Participant: 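Here you go, one structure.
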Amino acid sequence: MKLLFIHSDFIEYEVKEKAIKTPEETDKKTDRFEEALTVFTAVEKIDEKSSKHAVTQAIEEITKIAEQLNVKNIMLYPYAHLSSDLASPKKAQEILIEIEYELKQKNYNVKRSPFGWYKAFKISCKGHPLSELSREIIPVGEETDSLKKERKLSSYWNILTQDGQLHDVGKFNFKGHENLKIFSYYEKEKSRAEKQEPAHVTLMKKLEIADYEPASDGGNMRFYPKGRLIKKLIERYVTQRVVEYGGLEVETPIMYDMEHPTLSKYLQRFPARQYQIESDKRNFFLRFAACFGQFLMAHDSTISYKDLPLKMYELTKYSFRREQSGELTGLRRLRAFTMPDVHAFTADLDMAMDEFKIRFDLSLSVLDKIGIENSDIEMALRTTKDFYEKNKEFILFLVKKLGKSILVEMWNERIFYFVLKFEFNFVDMSNKASALSTDQIDIENGERYDIKFTDKYGKTKHPLILHCSPSGAIERVIYALLEKEAIKMSKGLKPILPLWLSPTQIRLIPVGDEFIKDCVKFEQDINNHEYYKIRIDIDDREESVSKKIRDAEKEWIPIIIVVGEKEINKNTFLPRFRNDKIGDNSKEYKIKDLQKLVLDDIKNYPNESLPLSIYLSKRPKFKG
RNA sequence: GCCGUCGUAGCUUAGUUGGUGGAGCAGCUGAUUCGUAAUCAGCAGGUCGAGGGUUCAAAUCCCUCCGACGGCUCCA
């Protein structure tokens, strides 16, 4: 911002004509101010970045000079010609209004000439040495920013190899660790090598999984029937695994009172990040994780050391985070998302670390069974130097369990509420990394929320709390699955979803209308048992067999079976398996064989019925 | 949120220096009854993202807004 100060006997102006398309509305065509400090002001591009700070610094300068000259009258006069690098008119006007307001708060008499007009003006300069001054303001980042920078500076990035050696990220030889390299640089240097459209966005639309909803806020998605099926299956699977692990499933509200004593303290640290809603006279925020409800529940519970570790689980639908609009992408980063969140209340650090190991395994296994394998993820570990030194063995144990080198970020002192945190990150088609599973040891919130348990000596203590999402947000899991297939496609391989997640598992293609009834019978025969329905549909449209095959392939159908006279007579089928992991393309199968083949593959997963009509002729198109 | 690019039918897209928007796929109708990645013909489908402005005339030029994407920032 450029400021030109004139200590004047008077300043007067007259509005002439528009200088920009949409000038500030004004009904005052002329004005005059006696004994005023006139401040000609040009707001510059650079002020837009941190306008708050620009305003604060401008106020500082103006009041300093006003005090020196002992004037109470200030005329703010927008004057574009002081700079060749102007801010947008809108922003400039906002900043000027802000300055006007702040000066008035400080009991100055302030007038401001309207923005965006050519004006005639007369000014009488007093002519003493201090009567003409100019200042330039370059806004400096806010305190929190510099604090954060300091934090970044005081953290060390290393690669921890399986032999227990720490290597400087800059010097580490990443040969054979390509994804870890991409991930490490993404985290550390924020370098994003490639510029591509997110592959999964195209796929999620093409496969009728999910889509943007223009009528909602950004980052709130719609899910079509096939997408809903996939999402529901993953939700059910993760829940099943957490319950087997011992998670007690609960349900808690999605909105909380902003004035609640425990929550408000926590909230004030992150004021701009929530959706807020009003109900009568109270203000509520939408939860951004399951912590609140579970902690409040734990606060009101009577817990004995015998109950520990106590594991509480909720699949939040949804968690809300008002991410910056520029940060939203497809299913990767949302404002409303489905988050499995399992907390464990533990007695002490030993118990916390034991539990941490169990949940580490759980996370690894959940991702793997969903279809995100060890080779698809890179691990990051964040901790303090102190914790690392004292628990080297423990950390190395985790690294060996994973079976490959990891990225370690270490702080000199504890900055966040946790002492240890791991993340499994997925690196996508555009070399962007996103966290999936995570767990952390929280040593603050047990006390903050006043959660208590009684130890065996009858003493009341606060538990240490582990926060874990074994899979990460469900939407993000789908994103990872789609990106993984996109990477395969770029290598010339056929994309496919895991069989248990495929909306259609077997597509039957009758060669003519007369075989539709045989297809129906096929479906009945293969699903002639209680416990598990295979998702089979029938392409009964009036199209050529080639066309139907092509459409089935474009839909990534894992098993395609053409049904005609030969099959019916011989009662065997020659399925087209999408890849050789599912079945043998050269082999003929009986219905029983096919049934076994599919059931063996999917028996440990949740089961849902076909999300659409069994007949393709009776399906609407949700998306081209 | 900031900077930049983009926005034409459900989808993919053509549209020269401003002069009444074309196509393919999908949909509908009809013909075809078909053996492993697209059978043929016809019909219908558009406030050219929204609003404002310049002009005799705007999808095209200008402004504002919305959305998507890329980068920055952010990611408790």
Side-chain angles (χ1 to χ4, degrees), chain A residues 18 20-23 45-52 87-91 116 141-142 144-145 148-149 187 190-198 201-202 205-206 208 211-219 266-274 288-289 291 319 321-330 332-335 415-418 421 423 430 432-435 438 440 442 444-445 467 473 476 494 507 509-516 539 541-555 557 560-567 573-576 585 620-624:
Chain A
K18 291 182 182 181
I20 57 173
K21 290 284 175 189
T22 48
K45 262 269 124 73
I46 196 167
D47 301 315
E48 290 189 346
K49 283 256 173 187
S50 56
S51 53
K52 260 190 196 154
S88 75
K90 196 182 165 222
K91 200 75 199 176
E142 294 166 22
T144 51
D145 282 354
K148 275 174 195 161
K149 250 176 214 159
E187 282 297 315
K190 305 284 179 190
S191 97
R192 283 118 218 235
E194 307 203 13
K195 298 173 192 171
Q196 280 169 312
E197 290 206 334
V201 174
T202 321
K205 292 178 183 178
K206 211 163 246 167
E208 297 190 319
D211 211 339
Y212 297 109
E213 174 51 72
S216 183
D217 189 21
Y266 194 40
L267 266 181
Q268 275 157 16
R269 289 167 61 194
F270 319 102
R273 279 310 185 75
Q274 302 87 37
F288 42 84
C291 308
S319 286
R321 298 184 191 184
R322 268 195 44 84
E323 305 290 3
Q324 298 183 80
S325 57
E327 269 304 307
L328 304 169
T329 334
R332 177 171 176 255
R333 196 81 185 274
L334 297 168
R335 281 185 172 165
I415 295 156
F416 302 111
Y417 57 76
F418 56 83
K421 174 182 184 180
E423 286 163 20
S430 327
K432 292 191 180 176
S434 316
T438 177
Q440 43 191 265
D442 170 357
E444 271 183 11
N445 283 307
H467 303 238
R476 191 173 274 186
K494 276 188 186 182
R507 164 77 40 92
I509 298 179
V511 293
D513 280 355
E514 65 272 28
F515 296 105
I516 292 176
D539 193 345
R541 297 173 305 162
E542 288 191 33
E543 299 286 352
S544 68
V545 171
S546 305
K547 177 68 185 299
K548 290 177 184 180
I549 298 228
R550 179 180 155 83
D551 287 346
E553 296 279 3
K554 284 193 342 194
E555 250 187 272
I557 307 285
I560 302 168
I561 300 174
V562 176
V563 178
E565 211 173 340
K566 274 188 284 180
E567 287 77 9
F573 303 87
L574 188 64
R576 227 181 127 108
N585 274 319
K621 266 205 149 40
F622 290 96
K623 195 76 185 175

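Nothing here was measured: the structure is a model prediction, and the numbers come from that model. Protein chains get the first letters and strands the later ones, always in sequence-line order, with residue 1 at the start of each.
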Participant: To the nearest angstrom, how far is A/E542 atom CD from B/rA31 atom P?
Facilitator: 9 Å
Participant: Check A/E543 with A/K548, please: is the shortest side-chain N to carboxylate O separation under 4.0 Å?
Facilitator: no
Participant: I'd like to know if the side chain of A/Y212 reaches the main chain of A/G219, judged simply by a donor and an acceptor atom lying under 3.5 Å from each other, with no hydrogens or angles considered.
Facilitator: no
Participant: Of the candidate nucleotides B/rA38, B/rG70, B/rG35, which contains the atom at the shortest distance from the side chain of A/P198?
Facilitator: B/rG70
Participant: Write down the partner of B/rC75 under the Watson-Crick or G-U wobble criteria, each distance required to be under 3.5 Å.
Facilitator: none
Participant: Counting only Watson-Crick or G-U wobble pairs whose two distances fall under 3.5 Å, which nucleotide matches B/rC28?
Facilitator: B/rG42
Participant: Provide, to the nearest angstrom, the distance between the CG atom belonging to A/D551 and the P atom belonging to B/rU39.
Facilitator: 9 Å
Participant: Heavy atoms from C-beta onward define the side chain here; which of B/rA38, B/rA76, B/rU36 lies closest to that of A/I549?
Facilitator: B/rU36
Participant: Students often get this wrong, so: under 4.0 angstrom with heavy atoms, is A/G219 touching a base, only sugar-phosphate, or nothing?
Facilitator: nothing
Participant: Measure from the side chain of A/K621, starting at C-beta and using heavy atoms only, and say which of B/rC34, B/rA26, B/rG1 lies closest.
Facilitator: B/rA26
Participant: Who is the Watson-Crick or G-U wobble partner of B/rC56, with both distances under 3.5 Å?
Facilitator: B/rG19
Participant: Rounding to an integer number of Å, can you tell me how far A/E323 CD sits from B/rA76 C1'?
Facilitator: 10 Å
Participant: Taking atom P in both B/rC65 and B/rG70, compute the distance separating them and give it to the nearest angstrom.
Facilitator: 22 Å
Participant: Is the side chain of A/R476 donor-acceptor paired with the backbone N or O of A/A435 at a distance under 3.5 Å, no angle test?
Facilitator: yes
Participant: Rounded to whole angstrom, note down the P distance from B/rG53 over to B/rA68.
Facilitator: 28 Å
Participant: How far, in whole Å, is B/rU39 from B/rG45 if one measures between their C1' atoms?
Facilitator: 24 Å
Participant: Return the value, rounded to whole Å, for the distance between atom CD of A/E543 and atom C1' of B/rU33.
Facilitator: 12 Å
Participant: With respect to the side chain of A/R321, which nucleotide from B/rU39, B/rC69, B/rA76 is positioned closest?
Facilitator: B/rA76
Participant: What is the nucleic acid contact for A/K548, judged by heavy atoms within less than 4.0 Å: base, sugar-phosphate only, or nothing?
Facilitator: nothing
Participant: To the nearest 0.5 angstrom, please state how far the CG atom of A/D217 sits from the CG atom of A/L334.
Facilitator: 11.0 Å
Participant: Rounded off to whole Å, could you give me the CG-to-C1' distance for the A/L334 and B/rA68 pair?
Facilitator: 14 Å
Participant: Find the distance A/K623:NZ to B/rC11:P and express it as a whole number of Å.
Facilitator: 5 Å
Participant: Taking only side-chain nitrogens and oxygens of A/S544, does any of them come within less than 4.0 Å of OP1 or OP2 of B/rU39?
Facilitator: yes
Participant: Regarding A/D551 and A/R541, does a basic nitrogen lie under 4.0 Å from an acidic carboxylate oxygen?
Facilitator: yes
Participant: Base, sugar-phosphate or nothing for A/V545? Non-hydrogen atoms, less than 4.0 Å.
Facilitator: sugar-phosphate
Participant: Side chain of A/E213, backbone of A/A215: donor and acceptor closer than 3.5 Å?
Facilitator: yes
Participant: For A/E208, is there an ion pair with A/K621 - N to carboxylate O distance below 4.0 angstrom?
Facilitator: no
Participant: Taking pairing as Watson-Crick or G-U wobble with both contacts under 3.5 Å, can you name the mate of B/rU36, or confirm there isn't one?
Facilitator: none
Participant: What's the gap between B/rU29 and B/rA37 when it is taken at their C1' atoms, as a whole Å value?
Facilitator: 27 Å
Participant: Within the pair A/K547 and B/rA26, is there a side-chain N or O less than 4.0 Å away from OP1 or OP2?
Facilitator: yes
Participant: For salt bridge (Lys or Arg N to Asp or Glu O under 4.0 Å), just list the numbers for A/E323 and A/R335, CA-CA rounded to whole Å, side-chain angles, deciding distance to a tenth of an Å, and then say yes or no.
Facilitator: CA-CA 6 Å; A/E323 305 290 3; A/R335 281 185 172 165; over 6 Å; no
Participant: Suppose you measure atom P in B/rU17 against the same atom in B/rC6; what distance do you get, rounded to whole Å?
Facilitator: 15 Å
Participant: Just how far, in rounded Å, is P of B/rA38 from CD1 of A/I509?
Facilitator: 12 Å
Participant: Among the nucleotides B/rG70, B/rC34, B/rU33, which one has an atom lying closest to any side-chain atom of A/K432?
Facilitator: B/rG70
Participant: Determine which nucleotide pairs with B/rG7, using a 3.5 Å limit on both distances of a Watson-Crick or G-U wobble pair.
Facilitator: B/rC66
Participant: Pick the C1' atom in B/rA59 and in B/rU20, then give their distance to the nearest Å.
Facilitator: 12 Å
Participant: Measure from CD on A/Q324 to P on B/rG1 and round the result to the nearest Å.
Facilitator: 8 Å
Participant: Please pick, from B/rA68, B/rC34, B/rA37, the nucleotide with the shortest atom-to-atom distance to any side-chain atom of A/Y212.
Facilitator: B/rA68
Participant: Does B/rG1 have OP1 or OP2 under 4.0 Å away from a side-chain N or O of A/S325?
Facilitator: yes
Participant: B/rC56 and B/rG18: how far apart are their C1' atoms, nearest whole angstrom?
Facilitator: 12 Å
Participant: Would you kindly compare A/I561 and A/L328 by the position of their nearest RNA chain B nucleotide and give the one closer to the 5′ end?
Facilitator: A/I561
Participant: Using heavy-atom distances to pick each residue's nearest nucleotide on RNA chain B, tell me which of A/F418 and A/K494 is more 5'.
Facilitator: A/K494
Participant: Any N or O donor-acceptor pair linking the side chain of A/E567 to the base of B/rG35 at under 3.5 Å?
Facilitator: yes
Participant: If you measure from the C1' atom in B/rA9 to the same atom in B/rC48, how many Å do you get, rounded?
Facilitator: 10 Å
Participant: Under 4.0 Å from OP1 or OP2 of B/rA37: is there any side-chain N or O of A/R576 that close?
Facilitator: yes
Participant: Which listed nucleotide (B/rU33, B/rC74, B/rC69) is nearest to the side chain of A/R333?
Facilitator: B/rC74
Participant: What's the closest nucleotide to the side chain of A/K554 if the choices are B/rA37, B/rA76, B/rC34?
Facilitator: B/rA37
